[in-house]
Amino acid sequence: MKETNEKLTATAKAAVDKTNTAKKVKSGSLEVFSTPMLLALMEEATCNAVKPILEKGETTVGTKVSITHDKASGTGEIITAHASLEKIDKRRLTFEVYATDESGDTIGKGIIERFVVNEERFMERVNK
């Protein structure tokens with residue numbers, strides 16, 4: 001992992017549709033943006049934020065999540081997840097995350113931790 005003094009931030013966007021509702025992913029029975037998909041979008045934003053400092057062969061894996069899902073979003077809405085790298089502790093990365101809808105309302109927020117790993121070595125351990 002490369003050192004940086006820059007504040008690393010990034011976003012990820014998704015349209016709420018039939019593929020990412022609570023009903024579809026079985027995290028509820030309603031046609032609204034699901035909490036698991038909100039988390040996935042937030043994690044995508046964290047991955048986007050850290051890309052500039054990863055060396056060839058490195059990636060990150062999620063290790064800890066604490067988020068809230070504060071407002072429902074219906075089909076057709078565009079959701080934007082925002083991630084800001086707040087702390088680097090050796091290979092542990094801590095991000096502040098939040099997500100907004102098209103009106104700018106915050107629909108969720110929290111903290112996500114990820115760990116930098118070597119892709120090849122990590123998969124070798126997984127596949128043993």
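For residues 22-38, the pairs satisfying salt bridge (Lys or Arg N to Asp or Glu O under 4.0 Å) are K18-E31, with sequence neighbours left out. Judged as a ring-ring contact (aromatic ring centres under 6.0 Å, His included), not a single pair has a partner in residues 25-75 (not counting sequence neighbours).
By the ring pair (Phe, Tyr, Trp, His ring centres under 6.0 Å) test, H82 pairs with Y98, sequence neighbours left out. Considering only residues two or more places apart in sequence or on other chains, N20 meets the side-chain hydrogen bond (donor to acceptor under 3.5 Å, both in side chains) condition with none of them. Listed by chain and number, the residues in a side-chain hydrogen bond (donor to acceptor under 3.5 Å, both in side chains) with E119 amount to none (sequence neighbours excluded). With sequence neighbours excluded, the residues that form a side-chain hydrogen bond (donor to acceptor under 3.5 Å, both in side chains) with S103 are D101, D105. Contacts of E120 classified as side-chain contact (heavy atoms from CB on, under 4.5 Å), with partners at least two apart in sequence or in another chain: N118, E124. Scored by the side-chain hydrogen bond (donor to acceptor under 3.5 Å, both in side chains) test, K64 finds no partners at all (sequence neighbours excluded).
Closest non-hydrogen pair, M1 versus R91, comes out as CE-CA, 4.4 Å. Residues T59 and L54 come closest through the heavy atom pair CA-CD1, 4.0 Å. In terms of heavy-atom proximity, E86 sits nearest to E96 at CG-CG, 3.5 Å.
Connection of V117 to M123 is established within a shared hydrophobic cluster, with ILVMFWY side chains joined at heavy-atom distances below 4.5 Å, either directly or through further cluster members. Taken together through direct or relayed side-chain contacts under 4.5 Å among Ile, Leu, Val, Met, Phe, Trp and Tyr, V61 and V50 form parts of separate hydrophobic clusters. M37 and I67 end up in the same hydrophobic cluster when Ile, Leu, Val, Met, Phe, Trp and Tyr side chains are linked at under 4.5 Å. The hydrophobic clustering, which links ILVMFWY residues whose side-chain heavy atoms are closer than 4.5 Å, places V97 and V116 together.
Without hydrogens or angle criteria, T68 side chain to D70 main chain gives no donor-acceptor distance under 3.5 Å.
Once rounded to the nearest 0.5 Å, the distance linking CG of L8 with CD1 of I88 reads 6.5 Å. Summarising the geometry, atom CZ belonging to R92 is positioned 13.5 Å from atom OG1 belonging to T60; distances are rounded to the nearest 0.5 Å.
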Quick one: side chains of residues 10-17, donor-acceptor pairs under 3.5 Å with protein atoms, not counting sequence neighbours, listed by atom name and distance.
unit_1 : atom_1 : unit_2 : atom_2 : d
D17    : OD1    : T19    : N      : 2.8
D17    : OD1    : T19    : OG1    : 2.5

Identify all side-chain donor-acceptor contacts of residues 39-46 below 3.5 Å with residues at least two apart in sequence or on another chain.
unit_1 : atom_1 : unit_2 : atom_2 : d
E43    : OE2    : R114   : NH1    : 3.3
T46    : OG1    : E43    : O      : 2.6

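I111 belongs to no multi-residue hydrophobic cluster, having no ILVMFWY side-chain contact under 4.5 Å with any other such residue. Grouping Ile, Leu, Val, Met, Phe, Trp and Tyr by side-chain contacts under 4.5 Å, direct or through others, leaves I78 on its own.
Salt-bridge check for K2 with E58: failed, with every basic side-chain N at 4.0 Å or more from each acidic carboxylate O.
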Can you list the steps and then say if L93 with L85 is a side chain to side chain contact (heavy atoms under 4.5 Å, CB included)?
CA-CA 7 Å; L93 310 175; L85 179 58; 3.7 Å; yes
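Within a 6.0 Å radius of NZ in K7, other residues, nucleotides and ligands contribute more than 12 heavy atoms. Around atom CG of N127, more than 12 heavy atoms belonging to other residues, nucleotides or ligands sit under 6.0 Å away.
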